[in-house]
Protein chains: 2
Amino acid sequence: MSHSLRFLSYFSTNPLKSSALSRRKLRPAAVPQLRSELSFAVGTHFIPHPEKVDTGGEDAFFVSSHNGGVLGIADGVSGWAERGVNPALFSRELMANTSDLILDEEVNFDPQMLLKKAHAATSSTGSATVIVAMLEKNGILKIVNVGDCGLRIIRKGQVIFCTRPQEHYFDCPYQLSSEKAGQTYHDAMLCSVKLLEGDTIIMGSDGLFDNVFDHEIVTIISDSKDVAESAKRIADVASTHSLDVNFDSPYALEARNKGFDVPLWRKILGRKLTGGKPDDITVIVGHVLCS
Amino acid sequence: MSHSLRFLSYFSTNPLKSSALSRRKLRPAAVPQLRSELSFAVGTHFIPHPEKVDTGGEDAFFVSSHNGGVLGIADGVSGWAERGVNPALFSRELMANTSDLILDEEVNFDPQMLLKKAHAATSSTGSATVIVAMLEKNGILKIVNVGDCGLRIIRKGQVIFCTRPQEHYFDCPYQLSSEKAGQTYHDAMLCSVKLLEGDTIIMGSDGLFDNVFDHEIVTIISDSKDVAESAKRIADVASTHSLDVNFDSPYALEARNKGFDVPLWRKILGRKLTGGKPDDITVIVGHVLCS
């Protein structure tokens, strides 16, 4: 699925016009200024966990063309399945509510307020990590993040911005929940970044960032012909790595940093904890256009 | 050196007051609202490169109590010494100009405009990486960054935000310069993050972040009694690591990721490129207070 969310440019014309009725000296006519606006061209790709192909997985996402573009991903916490709850219900309803509330007057293009209202409107049992990014036409990208979905900004071939996962402990991320014990919009990381024409943003669930390094993402983006191809190729690499028990993935590195590893006798034999992490994989790539 | 930049709180009182002249029914008196303001308690520590102790090194920094607090670090590019130019002159003048221009009307608390004007006002020959962070009393931290100085935000024991270095190639960062070939405020990474009471920010030159891992910073901050102790202990650890040829530093990891390593015959013997990076080390720690 590839969206093109381009907006038309407009001219800010000089308000002072010559008039036969006026003999006052006019200021020299200003040169009409081109007011450029930024928006996203968006490509998306989703690959469900290999064991959840039939049910469509538990990630949910949306893309909206409102303003410069609004993008959201929620990742349903799979632990709910052990309690007989379908983990996809909460994430899907949360994303549907978020998308529906973008134009809400009270939200007023504030992503934290959007998350607050979307969470309050979600009645399903469950919980989810979530990230929402809203682009204003002046280039300000507002980001709200709870948990371990993520976002990277690539400018001139390097990652100039990245979110950091929030977690209670390894593999237990912050999450919006139907239960009081969960996090709320108060716990969100809230920031904004000035984007420039030509920047590319990559948003994903942890299924992406646990399995693909930033330098791989940068290479794929620079080698792809458009955002749709970028999103598909990044998701494919994530999927391949996630099933490769020998790949020294970001997830394996993080696990070892947190003290998890193979048993001592295997370490003595030179082995270490490796492998990707099978998971739902959602990738959204947004390329910043000027119009 | 430790600064305490606390501001007094103020009350927003109810504008509707009872008056004998008015018989109109007053709305119930609102409870006076406490409008809290955020500011930094700041600790700083600087350790020069071991070979630059006599000249005081080439980093420069400032701390201002304007608004919620303004912090800046510039790192003079040492390559200028080969051309007979003292690399400290540019970074020191740039920081002095930045500090002087904080209250400038045209700057209007916009860090990118501040950097633009401070750069334009700097007449020394040389170049420097630079980072400036400005806290508004409502908790919005505005950050402008050119090159490989850095900033981390720690909330509840985890890094929730980090800047990323910008570089042309390994060890050649983006830099503001006296020469036209250098970068300008246009090339800066510009972002803002909502801070909360209790957050801690750590700013540093690359001498810090090349030698100390984030998890070490988090541990030191949680173990220190105040920001002054945090800054000193973090700088001391950076200095120790920078001189340890066996320490597998962030700098060594990055070098190996970029393809630099020991010769093949040493690799066969199980060796790898390790060691810290001797450098000027500037550390600024800001703890967010509510008053």
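Convention: sequence-line order gives letters A, B, ...; per-chain numbering from 1.
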> Please round to the nearest 0.5 Å and tell me the distance separating atom CD1 of I153(A) and atom CD1 of I160(A).
5.5 Å
> Could you list every donor-acceptor pair linking chain A to chain B (distance under 3.5 Å, backbone and side chains)?
residue	atom	partner	partner atom	Å
Q158(A)	OE1	E167(B)	N	3.0
Q158(A)	NE2	E167(B)	O	3.1
Q158(A)	NE2	Y174(B)	OH	3.3
R164(A)	NH1	D214(B)	OD2	2.9
R164(A)	NH2	D214(B)	OD2	3.1
E167(A)	N	Q158(B)	OE1	3.0
E167(A)	O	Q158(B)	NE2	3.1
Y174(A)	OH	Q158(B)	NE2	3.3
L190(A)	O	K194(B)	N	2.9
S192(A)	N	S192(B)	O	2.8
S192(A)	O	S192(B)	N	2.8
S192(A)	OG	S192(B)	OG	2.7
K194(A)	N	L190(B)	O	2.9
D214(A)	OD2	R164(B)	NH1	2.9
D214(A)	OD2	R164(B)	NH2	3.1

> Grab the two heavy atoms, one from V107(A) and one from L101(A), that are nearest each other, plus how far apart they are.
CG2-O, 3.6 Å
> Could you measure the distance from the CG atom of L135(A) to the CZ atom of F109(A)? Nearest 0.5 Å is fine.
7.0 Å
> Quick one, I202(A) and L151(A) - any side-chain contact, counting heavy atoms below 4.5 Å?
no
> Mind checking the CG-CG spacing from L176(A) to L115(A)? Nearest 0.5 Å is all I need.
5.0 Å
> Check the angle between the aromatic planes of F161(B) and F161(A) and answer parallel, tilted or perpendicular using the 30° and 60° thresholds.
tilted
> Which pair of non-hydrogen atoms, one from A252(A) and one from L273(A), has the smallest distance, and what is that distance?
CB-O, 3.8 Å
> If we define contacts as heavy-atom pairs under 4.5 Å, which of G157(B), P165(B), C191(B) has the most with chain A?
C191(B)
> Less than 4.5 Å to any heavy atom of chain A: does that hold for the side chain of L196(B), its backbone, both, or neither?
side chain
